Amino acid sequence: MRSTRFLTGITTSGTPHLGNYVGSVRPSVRASLAADVESYYFLADYHALIKVDEPGRIQRSTLEIAASWLAAGLDPDRVTFYRQSDVPEIPELTWLLTCVTGKGVLNRAHAYKAAVDKNLVADQDPDMDVTAGLFMYPVLMGADILMFNAHKVPVGRDQIQHIEMARDMANSFNHRYGEHFVPPQAVIEESVATLPGLDGRKMSKSYDNTIPLFAPREQLKKLIAGIKTDSRTPGEPKDTEGSALFQIYQAFASEDESQTLRKAYADGIAWGDAKQILFERVDREIAPMREAYLDFINNPAKIEGILMNGAAKARSRATPFMAELRHAVGLRRLSDMTGTAPQKAAKAALPSFKQYREADGQFRFKLVDAQGQLLLQSLGFASPKQAGQTIATLQRDGAAALTRLTDQLEPLAVDADTVGAALALLASGT
Ligand code: TRP
């Protein structure tokens with residue numbers, strides 16, 4: 001049976017916290033144990049360079065994150081666990097993908113746009129403090145994924161756009177050079193809760209409200225004691241709704257245990273006692289891993305060995321695949337020249353929009369592929385300008401616009417992916 005390839009990256013820019021554990025480490029380790037899956041987990045240290053310019057911090061974070069995953073039960077014999085920067089084929093592929101990605105597509109990436117918008121609001125030059133690394137980030141991420149032809153990419157909601165871009169890159173490349181890439185799909189874990197932090201907002205380094213995953217017992221206790229609660233006194237019934245303490249407890253406890261705490265809330269448990277219960281419950285799950293974690297942290301050479309093996313495993317796939325891709329685009333040995341005459345590849349024909357006016361006086365447009373097959377057909381517009389605006393929206397936003405524009409379009413003649421691929425192709429201007 002052919003297995004499904006899962007792949008996910010973890011940026012090495014900080015110390016793992018309980019939110020990372022609940023949202024990413026724990027579900028990924030569990031998923032990696034399933035049959036019929038092939039998992040790729042990697043330390044995204046090239047990505048870290050976009051955000052962090054302290055070399056020591058990148059190195060330390062790489063150690064801490066690797067140790068956390070291993071301590072949480074990731075089995076390096078079962079999965080491919082590697083450090084991005086040990087696979088030089090990834091930056092090499094980044095360049096090939098850069099050359100099939102429309103600049104306009106990258107202009108619309110959320111992280112880059114947010115940086116530009118922030119400058120505009122502050123009346124600054126739009127590109128102030130925006131590196132080309134931030135701009136190119138989606139292409140590097142596309143290379144991470146396409147290098148191993150991953151089918152499924154488990155990510156948080158904020159990353160969906162990047163997976164869509166990787167799909168577009170796969171389609172654009174395949175269109176020009178033949179079928180080499182599998183367009184990947186994002187997997188969003190709906191059931192995995194976002195953990196609140198000490199102040200009740202989402203646990204995140206940027207809010208400085210985190211509980212480090214492997215804080216020593218005493219520090220864990222102190223941090224949990226600092227979780228924000230309301231001012232209700234012992235004996236007063238308490239709300240589980242909106243209680244960060246309760247939500248964190250739920251992420252660790254069984255259904256029965258949560259039920260018991262819910263009842264204790266209703267019976268007016270003192271906040272101090274509830275915190276003690278939370279502390280004991282979290283520590284019960286973390287303590288055995290903490291020991292393994294400390295062993296790893298104190299033995300960086302052992303982790304280095306594991307990562308080196310992982311890199312070798314990753315490259316046993318990446319190296320031959322990269323050779324195939326180099327050949328596909330024309331980066332070839334001259335000794336295996338196939339013909340002497342200059343060969344100009346037939347310029348791949350593009351899909352196109354066609355506007356027209358019907359007998360009813362309404363203006364319409366359709367999108368047809370290079371062979372003239374109908375991909376998309378609009379409903380009637382009162383003016384050609386309105387039809388043109390909808391075309392512009394489709395050109396700008398690609399597949400993402402389809403669902404928003406259903407009231408202006410006929411039901412799709414072909415599946416949405418095909419239409420999306422055609423729009424992406426137009427955007428990249430093959
Ligand atoms: N950008 C991702 C994040 O910030 C990390 C990442 C890098 C990643 N490359 C990836 C995730 C490839 C999935 C697949 O969370």
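As the structure lists them, so they are numbered: ligands from 1, and atoms in each ligand from 1. Small disclaimer: the values here were computed from a predicted structure and weren't measured.
- A cation-pi arrangement, defined by a distance under 6.0 Å to the six-membered ring centre and an angle within 45 degrees of its axis, is present between R26 and F252.
- Residues that satisfy the side chain to side chain contact (heavy atoms under 4.5 Å, CB included) test with D417, not counting sequence neighbours, are R167, D415.
- For ligand 1, the 4.0 Å heavy-atom shell takes in L7, T8, G9, T11, F42, A44, H47, Y137, M141, D144, I145, V153, V155, Q159, ordered by chain and residue number.
- Remark: the H47 side chain and the D144 side chain contain an N/O donor-acceptor pair separated by less than 3.5 Å.
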Original post:
Does the pair F148 and Y40 meet the rule for a ring pair (Phe, Tyr, Trp, His ring centres under 6.0 Å), with working shown?
Top reply: CA-CA 8 Å; F148 299 98; Y40 291 80; 4.9 Å; yes
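- Taking the centre of each ring, H151 and F6 stay at or above the 6.0 Å mark.
- The residue from K263, E257, R262 that alone fulfils the side-chain hydrogen bond (donor to acceptor under 3.5 Å, both in side chains) condition with Q259 is R262.
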